[in-house]
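Note sheet for the following structure.
So you know, we letter chains A, B, ... as the sequences are listed, proteins then strands, and number each from 1.
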Amino acid sequence: MIVTRFAPSPTGYLHVGGARTALFNWLLARKMGGKFLLRIEDTDMKRNTATAADQVLKDLKWLGIDWDEGPDIGGPNGPYHQSERRDIYDKYIQQLIDEQKAYYCFDTPEELTQLRLAAEKEKRHNIYPRPEVFPTAADVEKAKAEGRPVTVRFAIPRDETIVITDEVRGEVRIEPTELSDFIIQKSDGFPTYHMAVVIDDELMGVTHVIRGQEHLMNTPNHQLLQRALGFRIPKYAHMSVTVSDSGGKLSKRERPKTLKKELKAKPDADLQALANAGGISVEDLELFVRGKMVPDMPVIDAIAEVAGVHLPEINIVDFFRSGYIPETMVNFLAMLGWNPGDGREIMKVDELTEAFDLSRVSKSNSLFDRKKLLAFNTEHLKTEMTPLETLTKHFRAYLEENESPVASADDAMLAHLITINEGARTLEQIEQKSRFAFIADEAMEYDEKAIKKVLLKGDGLAMLKTVGEALAALEEVTAESVENLLRGLAEEKQVGLGKVAQPLRVGICGNTVSPPIFDAVQMLGMETTQKRIAQTLEKYGN
RNA sequence: GGUCCCAUCGUCUAGUCAGGCCUAGGACACCGGGUUUUCAACCCGGCAACAGGGGUUCGAAUCCCCUUGGGACUACCA
């Protein structure tokens, strides 16, 4: 049976790249009827936060990626936090030392920096100078007494060329003379990533490792470690990286970068208000704009919202908050460097699972094309693609996350909103078109441009009044009855339906974008419709 | 700088491993038209690519070499 895994280090929200890695592993496991496990790589005590780990699990769940073993559900190969597996790592590290395959080092960070600088200067590889004779336990005691850091390095066997067989790249050859003895145990006693990953993958029975290209050059190290420990060598597949359409690697730095750029372009912005929104001082904000420092992500988000700046989505939650649904994300992420080979692009999860195949993973970098993502979302938002019930669930989650007034609607109403707004590109669009019906009449937001264009030009106001009177006579308010009435009115006046519908739309919604006008009237009901028409006439009818 | 990886329309890609079916197919974007009560959606049409050079071959997008370009790595981070 095949076993795959996703092993994030909990340093923040799950981002697009991580989600793609997780998805590919998950897809392969599900396709082959294997197991998919989740492991938290929290060996770097400086970077971890507990909430970050929770958030990653939450993001995966939102995407619909489930795991058979993991930190929250346990399993036969636990624990699934690397920080809780120290005794296991220690055992193997000791084994390597005993077998003279690894050795202690006592260098200070400064000494290491010197080594690196010297190598750079001489334009050669930074290869650690392995001692002729390995330090003994007594040396360790002595170093400790002197207050020197104690680390353990793996002694790279340099007798033969290393051949990595990669499922997507084929055979990659590396000369071991290019490799430096790397640290497997840090001075704080934790194993490094290389050591922990090799041990855990072996113990957890991982058969396939799908990860980013950035790990390709780590693989020879891992393979050497596996051989030294007598472990099995899993199958590797290194995926190309995903680059951003704004150039460069898709990284979380893009959000602060964009905000900074936008803020610079608005020299008249109220810095005090923005600083308040972010909960930082004006001085800090100025430092940020000048590129001297970068505040935390929540601060960035808050400032962007107040400044009205749309930040590029990088983390999975960003897409959730922007009105994308998980079906879209899963589909789109899967197509980042993979395709089924038969021309299909818009696919459901079960179709993806069915079609997935490592041999069709692309070698070249893929670009994260937001326009295409939008098109994917438009497709998945259609009820023939995703059941209305599911869409309703997503819509509610979206509304609650964004604290929208529309959240007060019941499921039947939400489903109705989705139905009448068929063709929307995001949940955000549906929300924007719907919110007019969920706010108090007095709180109606009027779009000045719409008012000018539709009501104050020509006989817009007069038409609104006429339409209002005609509607008042309506006995039963349904989308159909309203439609009949408005069409009849347009015919009677010898004008297009637009001439009748637009003033009414602005009159009751406050802007020119709404659901179909008949549905809009029905949703509001006659009483509210009349009230809003009167209110609008009073406000703009001089 | 060194090591490794990659290279088809603006973008994602199919085709490359097993050379002829490729006057290079699809999708997104864009442009034009249609439909329409707004925004979308929808329908029809169009633009547009084998990075450059050299080989191998009857024949190359496909195989080989060089050049150029892009990327990853080069940590007591994962």
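- A salt bridge is absent between A/D42 and A/R85: the closest approach of a Lys/Arg side-chain nitrogen to an acidic carboxylate oxygen does not fall below 4.0 angstrom.
- Inspection of the A/T161 and A/E175 side chains reveals an N or O donor paired with an N or O acceptor under 3.5 Å.
- A/R360 comes within 4.0 angstrom of the backbone, heavy atoms only, and of no base.
- Both tests pass for A/R20 against the ring of A/F24: distance under 6.0 Å to the centre and angle within 45° of the axis.
- Heavy atoms of A/R169 sit under 4.0 angstrom from primed sugar atoms or phosphate atoms, though from no base atom.
- Side-chain atoms of A/P109 lie closest to B/C76 of the nucleotides B/C76, B/C42, B/C5.
- For A/T43, a side-chain nitrogen or oxygen approaches OP1 or OP2 of B/A78 to under 4.0 Å.
- If you find the closest nucleotide of RNA chain B to A/S514 and to A/A375, the one lying nearer the 5' end belongs to A/A375.
- Ring geometry for A/H215 against A/Y193 counts as tilted: the plane angle lies between 30° and 60°, on a 0 to 90° scale.
- The closest side-chain donor-acceptor pair between A/Q55 and A/D59 falls under 3.5 angstrom.
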>> Is there a side-chain contact (heavy atoms from CB on, under 4.5 Å) between A/H394 and A/H380? Walk through the geometry before answering.
In response: CA-CA 12 Å; A/H394 293 328; A/H380 281 282; over 6 Å; no
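- Protein atom CD of A/E345 is 7 Å distant from nucleotide atom C1' of B/C28, rounded to whole Å.
- Taking for each of A/H194 and A/P515 the nucleotide of RNA chain B with the nearest heavy atom, the 5'-most of the two is the partner of A/P515.
- A/G337 comes within 4.0 angstrom of the backbone, heavy atoms only, and of no base.
- In this structure, B/C28 forms a base pair with B/G10, meeting either the Watson-Crick or the G-U wobble geometry with both donor-acceptor distances under 3.5 Å.
- For A/K433 against B/C39, a side-chain-to-base donor-acceptor contact under 3.5 Å is present.
- When heavy atoms are screened at a 4.0 angstrom cut-off, A/H238 is found touching no nucleic acid atom at all.
- Residue-level contact check: A/E422 touches the bases, meaning some heavy atom is under 4.0 Å from a base atom.
- Taking the six-membered ring where tryptophan is involved, the planes of A/Y104 and A/F106 are essentially parallel, since the angle between them stays under 30° and well short of 60°.
- Annotation: B/G1 and B/U56 have their P atoms spaced 33 Å apart (nearest Å).
- Across the C1' atoms, B/C76 and B/C4 are found 24 Å apart, a figure rounded to whole Å.
- A sub-4.0 Å separation between OP1 or OP2 of B/C76 and a side-chain N or O of A/R148 is absent.
- A 3.5 Å limit on both hydrogen-bonding distances identifies B/G71 as the Watson-Crick or G-U partner of B/C4.
- Separating the C1' atom of B/G20 from that of B/G15 is a span of 13 Å, rounded to the nearest Å.
- By the 30° and 60° cut-offs, the orientation of the rings of A/F182 relative to A/H194 is perpendicular.
- Nucleotides B/U13 and B/C31 have their C1' atoms positioned 22 Å apart, rounded to a whole Å.
- Rounded to a whole Å, the CG atom of A/L367 is 15 Å from the C1' atom of B/A27.
- One can place CG of A/D447 at 13 Å from P of B/C39, the figure rounded to the nearest angstrom.
- Atom pair A/N421:CG and B/A41:C1' shows a separation of 11 Å (rounding to whole Å applied).
- To the nearest angstrom, C1' of B/U37 lies 17 Å from NZ of A/K493.
- Side-chain N/O atoms of A/K371 include none lying less than 4.0 angstrom from OP1 or OP2 on B/C30.
- When heavy atoms are screened at a 4.0 angstrom cut-off, A/E379 is found touching the sugar-phosphate backbone but no base atom.
- Rounded to the nearest Å, the gap between the C1' atom of B/C21 and that of B/A60 is 15 Å.
- Residue contacts for A/S180: at a heavy-atom cut-off of 4.0 Å it reaches no nucleic acid atom on any strand shown.
- Across all strands shown, A/P149 has heavy atoms under 4.0 Å from base atoms, whether or not it also approaches the sugar-phosphate.
- Atom name P, nucleotides B/U62 and B/A7: the rounded distance is 12 Å, in whole Å.
- Using a 4.0 Å cut-off, some side-chain N or O of A/K186 falls inside it from OP1 or OP2 of B/A78.
- Remark: B/C42 base-pairs with B/G34. Criterion, Watson-Crick or G-U wobble with two distances under 3.5 Å.
- OP1 or OP2 of B/U37 has at least one side-chain nitrogen or oxygen of A/R487 nearer than 4.0 Å.
- Counting any heavy atom pair closer than 4.0 Å across all strands shown, A/D342 reaches no nucleic acid atom.
- Looking at A/R360 and A/N339, their side chains do bring a donor and an acceptor atom within 3.5 Å of each other.
- When heavy atoms are screened at a 4.0 angstrom cut-off, A/F518 is found touching base atoms of the nucleic acid.
- Across B/C12, B/A41, B/C5, the shortest atom-to-atom separation from the side chain of A/K382 is found for B/A41.
- Listed nucleotides: B/U38, B/A40, B/C28. Nearest to the side chain of A/D369: B/C28.
- Using a 4.0 Å heavy-atom distance criterion, A/L216 is classed as a sugar-phosphate-only contact.
- Within the 4.0 angstrom heavy-atom criterion, only backbone atoms of the sugar-phosphate kind lie near A/S364; the bases stay farther away.
- Distances shown here put every side-chain N or O of A/K372 at or beyond 4.0 Å from the OP1 or OP2 atom of B/U11.
- Remark: C1' of B/U37 and CG of A/L497 are 4 Å apart, rounded to the nearest angstrom.
- Across all strands shown, B/U23 remains unpaired; no Watson-Crick or G-U wobble contact has both distances below 3.5 Å.
- Remark: A/R425 is in phosphate contact with B/A41, judged by side-chain N or O atoms under 4.0 Å from OP1 or OP2.
- The C1' atoms of B/G71 and B/G54 are separated by 26 Å, rounded to the nearest whole Å.
- Put simply, CZ on A/F436 is 16 Å from P on B/C39, counting in whole angstrom units.
- The residue A/L374 sits apart from the nucleic acid: no heavy atom pair falls under 4.0 Å.
- The C1' atoms of B/U23 and B/G59 are separated by 16 Å, rounded to the nearest whole Å.
- Contact between the side-chain N/O atoms of A/N365 and the OP1/OP2 oxygens of B/G71 is not found at any separation under 4.0 Å.
- The pair A/E448-A/K452 fails the salt-bridge criterion, with no side-chain N (NZ, NE, NH1 or NH2) lying under 4.0 Å from an Asp/Glu carboxylate O.
- The side chain of A/D44 lies closest to B/C77, out of B/U38, B/G2, B/C77.
- Distance CG (A/N221) to C1' (B/U3): 12 Å, rounded to an integer number of Å.
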